[in-house]
Amino acid sequence: MPESRFAARLAAVGQHASDVGVDAVLVTPGPDLRYLVGYDAVPLERLTCLVVPAHGPASMVVPGLERLAALASPVGRLGLTLHAWGETDNPYALVASLLPDARTVAVDDHMWAQKVLALRAAMPGVEQVLGGPILAARRMRKDPDEVAALMAAGAAIDRVHERVSTWLRAGRTEREVAGDIAEAIIDEGHVRVDFIIVGSGPNGASPHHEVSDRVIEPGDIVVVDIGGTMPDGYRSDCTRTYAIGRPSSDFEDSYAVLKQAQAAAVAHARAGVTCESVDDAARSVLSDAGLGEQFIHRTGHGIGLETHEEPYIVMGNRLMLEAGMAFSIEPGFYSEGRFGARIEDIVIATEDGVVIANNTTRDLVIA
Ligand code: ZN
Ligand code: ZN
Ligand code: ZN
């Protein structure tokens with residue numbers, strides 16, 4: 001990521017803070033920090049805090065023993081002032097001293113409660129608001145480097161799905177299959193496995209099931225939803241549905257409707273339509289076929305440096321999609337005690353449609 005991108009992001013956050021009457025945005029380790037300055041610090045008890053004032057240059061408070069780690073990241077090339085603190089100093093008082101006139105500060109959504117309250121104690125009378133709206137407004141509009149990163153993540157997880165049917169067999173447990181998948185997620189270019197869902201038979205009816213020791217049986221439907229983090233921090237997330245042998249014709253009919261529903265939402269999504277209209281595009285196809293009650297979750301979520309971030313593709317979200325917004329389209333249907341099915345792709349909105357990061361077959365894969 002070129003340094004100029006980080007500088008532009010810091011400037012935009014400062015400007016946004018100024019526009020909404022916030023005197024500074026305070027950001028501790030997590031995806032917001034990585035987004036703004038490229039520093040992938042581990043959140044620990046000692047305070048690391050980027051201070052982005054509404055006016056003037058950003059600076060960063062860091063534990064003395066982590067100063068070199070911070071300087072080794074893009075932070076060292078951005079020319080930010082680093083305020084290192086020693087083991088017996090009060091870093092919260094240090095943050096307060098940088099903002100003597102502040103009346104309102106925004107804290108990042110992931111800041112630990114312990115740090116939020118310590119900052120409050122160090123800055124009595126200063127109102128704290130959530131930084132989420134300011135930071136998400138930037139992060140949900142992906143620049144071309146981020147779009148390329150998400151496409152690479154999509155291609156990496158596609159290569160894993162291409163291999164899944166070789167591991168899915170009757171007689172193996174979900175956990176054994178997940179072990180093979182975990183290895184492949186790393187082999188195909190991720191640095192971390194974020195989640196593996198292998199929902200066989202009745203376990204598929206729980207959309208956020210992970211894995212269990214259930215032995216896969218002939219005739220099972222298996223939902224495989226997997227994702228990981230690439231070296232640049234961007235995430236993959238893709239679901240395909242598999243069958244152990246030929247399923248019932250009833251299931252095949254329902255699955256064909258699901259495929260249509262997913263395709264309808266992908267075809268509808270573009271800059272200038274609302275998030276909720278994308279949900280409706282998928283939901284109405286399932287509802288018309290009598291499967292609406294079995295589609296028990298929203299159609300999708302944004303993705304980037306986090307697997308779930310804004311924008312959320314859900315009824316009631318009137319946010320207008322813009323070019324560069326990246327999100328999942330993942331309708332499903334779930335029959336308790338029997339099976340589940342889901343098809344999930346990551347897409348990026350453009351002026352006249354979407355680009356699709358996941359491109360393996362959306363047909364039911366007979367393993
Ligand atoms: Zn999910
Ligand atoms: Zn997802
Ligand atoms: Zn998923």
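For ligands, and for the atoms within them, numbers begin at 1 and follow the listed sequence. Quick caveat: nothing in here was measured; it's all calculated off a predicted structure.
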Undergrad: By atom name, which N, O or S atom belonging to Glu330 lies closest to the Zn ion (ligand 2)?
TA: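 Atom name returned: OE2.
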Undergrad: Taking side chain to side chain donor-acceptor pair (under 3.5 Å) as the definition, give me every residue that meets it alongside Gln128, ordered by chain and number, with sequence neighbours left out.
TA: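 Once residues adjacent in sequence are excluded, the partners of Gln128 under the side chain to side chain donor-acceptor pair (under 3.5 Å) criterion are Arg120.
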Undergrad: Report, rounded to 10°, the angle at the Zn ion (ligand 2) between the two atoms OD2 (Asp237) and NE2 (His301).
TA: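 My answer is 90°, to the nearest 10°.
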Undergrad: Is it the case that Arg298 places NZ or CZ above or below the six-membered ring of Tyr312, under 6.0 angstrom from the centre and within 45 degrees of the axis?
TA: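 Pair Arg298/Tyr312 does not count as cation-pi.
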Undergrad: Report the atom name of the nearest N/O/S atom of Glu344 relative to the Zn ion (ligand 3).
TA: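 The Glu344 atom nearest to the Zn ion (ligand 3), restricting to N, O or S, is OE1.
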Undergrad: Enumerate, atom names and distances included, each donor-acceptor pair closer than 3.5 Å involving a side-chain atom of residues 57-73, sequence neighbours excluded.
TA:
residue: Ser73; atom: OG; partner: Ala70; partner atom: O; Å: 2.7
residue: Ser73; atom: OG; partner: Val75; partner atom: N; Å: 3.1

Undergrad: Look at Glu146 together with Arg9 and state whether they make a salt bridge at an N to O cut-off of under 4.0 Å.
TA: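 Here Glu146 pairs with Arg9 in a salt bridge, since their nearest N and O are under 4.0 Å apart.
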